[in-house]
Colleague: 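Can you keep this structure in mind? I'll have questions shortly.
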Amino acid sequence: MKNILLLLTNLFVLATWANTTNPVPYQQRDSDHIKEIFTAWNATNGAYLYNSVNALVMNSEQPHRPQGLEKTPFELLQSMGDQRVDRLERIAQQELENERNAGRNEQYYWEEWLKVVKSSRCSSTSRGDSNGDPHMRTYDGESFDFQNAGDYLLTASSDNRFMIQTQQVRLNKSISLNGAVSMNVNGDQVEMLSIDEHNGEIIFVINGQQMPNVKSNFVLPQGGVVTYANNAHTVKWPTGEQMKASVRKFQGKQLYDLAVIVPKCKSDYRGLLGNNDGIRNDLVVRDSESGAEITRGEISTDYDDIFGANRRNPIVMDRATRDLVFISREYGRQFQLDDNTSTFTTRMTNIEDEVRFPEIHMTLAELDDAQIAEGLRKAKEAGVAEEDLFGAVYDYGHLGLEPIAYNQDYVAPAKQIETEPKVNDDRAQKNTVKQVGNEVAKSGTLILIGAAAGAAATHHAPVYTRTTPPTYRHPTTPQGNTSTRRPNTSSTPPSTRTAR
């Protein structure tokens, strides 16, 4: 049985949250019928879920969680029986027709409400990766290497409530690693600090407060959850996205391997991992003057060009180098963060080009045949998938990083098998719903779950406060350190961070 500790929150900050977020172009609507279907499913969790979905639609403060609830709103919706969700959608569709008849708008509350509920019924997910030193794969399956240093937008939704930024640090003049991660989890700021700068320890900072024990589960104020299992952390968004972060150590260094899971039915993402529209056309740059598209050149997938003797063919090598330059200088620049867009506590935005870009774009051509053969043998013994072989051999040959198989696919919560819900519309039922809603509203606080609860009780557990959701603007080339939002507290100049 997990220990649960309730922590008092900063009421002033929470009370003003709704006034600092982006307004929506519609008014909140309510439906007693829909509310009763939720509470018939589960009196306490159903009342919370009804209010939580409302908050997601309105981009407003999430309701307080019932004690002991560790699932996100998205996971709760996924666990509901299909018949019940079908009924919810039918009633919401009727409410939408009524809303449309009442006035002409560009957007409607119930239209957005249906999007939230329907997204939980996506039959499959997409996965994007940033692992090793680092090797990238977009949601749509395009692979590339990205050896830049600095702060970059890995992925974000159009409304920024889902956002992941990575801080890539130099290992040497040609290779970089994922050194730190910063996330917006529906308005909660979650940061995994550089483990190399903290004596090899993973440090979590949530809304400005350092967590006392990271090998724990954290329930976030705005509906997200951070879980820990099998030496990896999974950050779950209330809108359905997930990021799994694990750490690998080698030669006294550490790096983050990141796997990001998103619902396949959403295609409003941007960042290095692409848009998730099912088409392999993410690696495109638009010319700033003409607007013309600049696309990635032809990439060889031939085994001999990658692993065989032909990898040293001058034509093959030149083609690979031109592709890496395009990724580094053109594609990557679109998602380069500056002082106003980076959310890291210690930013790497104002760094010289000789630090930001790799000195030499390395491939497998620099490895000899014995290194290639040994890397392939180790990768296959580890169960590395075919599409990950290049990265595994590259990392083993250039860094001595042992190959691992990535098994980070998302498993949806089991659905409840149930009959069509029976809902009474009498006064007693309404009073019960009202009572449950009041109890949820008064339950009050943020929940810290797991081993951290015991540690917090002894070491004066930090109080969560929340921050305004980061506003993402299309990044431009850094113009100098002009931000007054957050000072750069690093005592080490960025240019000296090339090799630790």
Side-chain angles (χ1 to χ4, degrees), residues 16-38 47-63 72-78 80 84-123 126 139 153 155-163 184-188 221-224 237-241 262-271 274-279 341 466-474:
T16 58
W17 187 84
N19 296 324
T20 60
T21 54
N22 296 326
V24 293
Y26 42 77
Q27 294 182 340
Q28 181 172 333
R29 308 279 177 156
D30 283 298
S31 168
D32 288 339
H33 197 175
I34 287 179
K35 185 185 298 182
E36 289 170 356
I37 292 175
F38 275 110
Y48 161 78
L49 183 56
Y50 174 79
N51 291 321
S52 176
V53 174
N54 287 348
L56 287 174
V57 176
M58 295 301 297
N59 192 22
S60 62
E61 176 74 16
Q62 280 284 314
T72 66
F74 188 88
E75 290 176 309
L76 289 175
L77 286 170
Q78 284 187 308
M80 297 181 76
R84 192 177 300 272
V85 179
D86 287 340
R87 188 173 182 186
L88 288 171
E89 290 186 4
R90 289 198 302 269
I91 298 169
Q93 191 63 47
Q94 294 170 1
E95 295 282 4
L96 175 58
E97 292 304 316
N98 294 335
E99 187 181 3
R100 284 173 172 164
N101 292 334
R104 295 181 178 274
N105 299 315
E106 293 185 0
Q107 287 180 274
Y108 296 92
Y109 173 86
W110 288 111
E111 184 176 33
E112 299 305 312
W113 193 96
L114 279 166
K115 288 180 182 179
V116 172
V117 173
K118 287 182 177 181
S119 68
S120 69
R121 308 188 80 178
C122 288
S123 59
S126 303
Y139 300 128
L153 178 69
T155 184
S157 58
S158 59
D159 59 12
N160 299 318
R161 287 191 282 179
F162 162 71
M163 180 189 289
N184 178 18
V185 186
N186 194 40
D188 289 312
Q222 295 308 312
W237 275 255
T239 46
E241 297 86 1
V262 298
K264 206 171 188 66
C265 59
K266 292 185 178 182
S267 58
D268 67 335
Y269 301 106
R270 66 181 182 281
N275 58 17
N276 192 41
D277 65 355
I279 304 172
T341 54
R466 64 139 350 273
T467 56
T468 303
T471 300
Y472 176 80
R473 294 193 294 272
H474 187 77

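All values reported here derive from a predicted model rather than from experimental measurement.
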Colleague: Looking at Ser267 and Asp277, what are the two nearest heavy atoms and their distance?
Modeller: CB-CA, 4.0 Å
Colleague: For Arg100, does its backbone N or O pair with a side-chain atom of Trp110 as donor and acceptor, under 3.5 Å?
Modeller: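 Side chain of Trp110 to backbone of Arg100, a donor-acceptor pair under 3.5 Å: no, none is there.
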Colleague: In Å, rounded to the nearest 0.5 Å, how long is the span from CD of Glu61 to CD of Gln222?
Modeller: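 That separation rounds to 4.0 Å.
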Colleague: With rounding to the nearest 0.5 Å, note down the distance linking CG in Asn275 to OG1 in Thr155.
Modeller: 9.5 Å
Colleague: Which atoms form the tightest heavy-atom contact between Pro263 and Phe74, and what is the distance?
Modeller: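 Closest approach of Pro263 to Phe74, heavy atoms only: CG-CZ, 4.2 Å.
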Colleague: Which residues pass the side chain to side chain contact (heavy atoms under 4.5 Å, CB included) test with Asn54, sequence neighbours left out?
Modeller: Gln28, Asp30, Tyr50, Asn51, Tyr109, Trp113
Colleague: What is the minimum heavy-atom distance between Leu77 and Val85, and which atoms define it?
Modeller: O-CG2, 4.3 Å
Colleague: Under the side-chain contact (heavy atoms from CB on, under 4.5 Å) rule, what do Leu56 and Arg161 come out as? Steps first, then yes or no, please.
Modeller: CA-CA 10 Å; Leu56 287 174; Arg161 287 191 282 179; 4.2 Å; yes
Colleague: Do the side chain of Arg270 and the main chain of Ser157 share a donor and acceptor less than 3.5 angstrom apart?
Modeller: yes
Colleague: Would you compute the distance between atom OG1 of Thr72 and atom CD of Glu241 and round it to the nearest 0.5 angstrom?
Modeller: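 Interatomic distance, Thr72 OG1 to Glu241 CD, rounded to 0.5 Å: 10.0 Å.
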Colleague: Output, in order, the C-alpha distance, side-chain angles, deciding distance and verdict of side-chain contact (heavy atoms from CB on, under 4.5 Å) for Glu95 and His33.
Modeller: CA-CA 10 Å; Glu95 295 282 4; His33 197 175; 5.7 Å; no
Colleague: If I compare all heavy atoms of Gly223 with all of Pro238, which pair ends up nearest, and what's the gap?
Modeller: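 Heavy-atom minimum between the residues: O-CB, 3.7 Å.
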Colleague: With a 4.5 Å heavy-atom cut-off, do Met80 and Ser120 have their side chains touching?
Modeller: no
Colleague: I'd like to check Val262 versus Tyr269 (side-chain heavy atoms, cut-off strictly below 4.5 Å). Are they in contact?
Modeller: yes
Colleague: Restricting to salt bridge (Lys or Arg N to Asp or Glu O under 4.0 Å), what partner residues turn up for Glu99, sequence neighbours left out?
Modeller: Arg29
Colleague: Would you give the length of the straight line joining atom CD of Gln78 to atom SG of Cys122, rounded to the nearest 0.5 angstrom?
Modeller: 8.5 Å
Colleague: Distance from Phe38 atom CZ to Leu76 atom CG, nearest 0.5 Å?
Modeller: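 One gets 9.5 Å once the value is rounded to the nearest 0.5 Å.
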Colleague: Can you name the salt bridge (Lys or Arg N to Asp or Glu O under 4.0 Å) partners of Lys264, sequence neighbours left out?
Modeller: none
Colleague: For Glu106 versus Glu111, what's the shortest heavy-atom pair and its separation?
Modeller: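 Answer, listing the atom of Glu106 first, then Glu111: O-OE1, 4.4 Å.
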Colleague: So which heavy atom on Asn276 is nearest to which on Ser126, and how close?
Modeller: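 Reported closest heavy-atom pair: OD1-OG, 2.6 Å.
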Colleague: Drop me the distance from Arg90's CZ to Leu88's CG, to the nearest 0.5 angstrom.
Modeller: 9.0 Å
Colleague: Carefully, step by step, assess Val24 and Glu112 under the rule side-chain contact (heavy atoms from CB on, under 4.5 Å).
Modeller: CA-CA 10 Å; Val24 293; Glu112 299 305 312; over 6 Å; no
Colleague: Please test Asn59 against Asp159 for side-chain contact (heavy atoms from CB on, under 4.5 Å), starting from the C-alpha separation and ending with a verdict.
Modeller: CA-CA 10 Å; Asn59 192 22; Asp159 59 12; over 6 Å; no
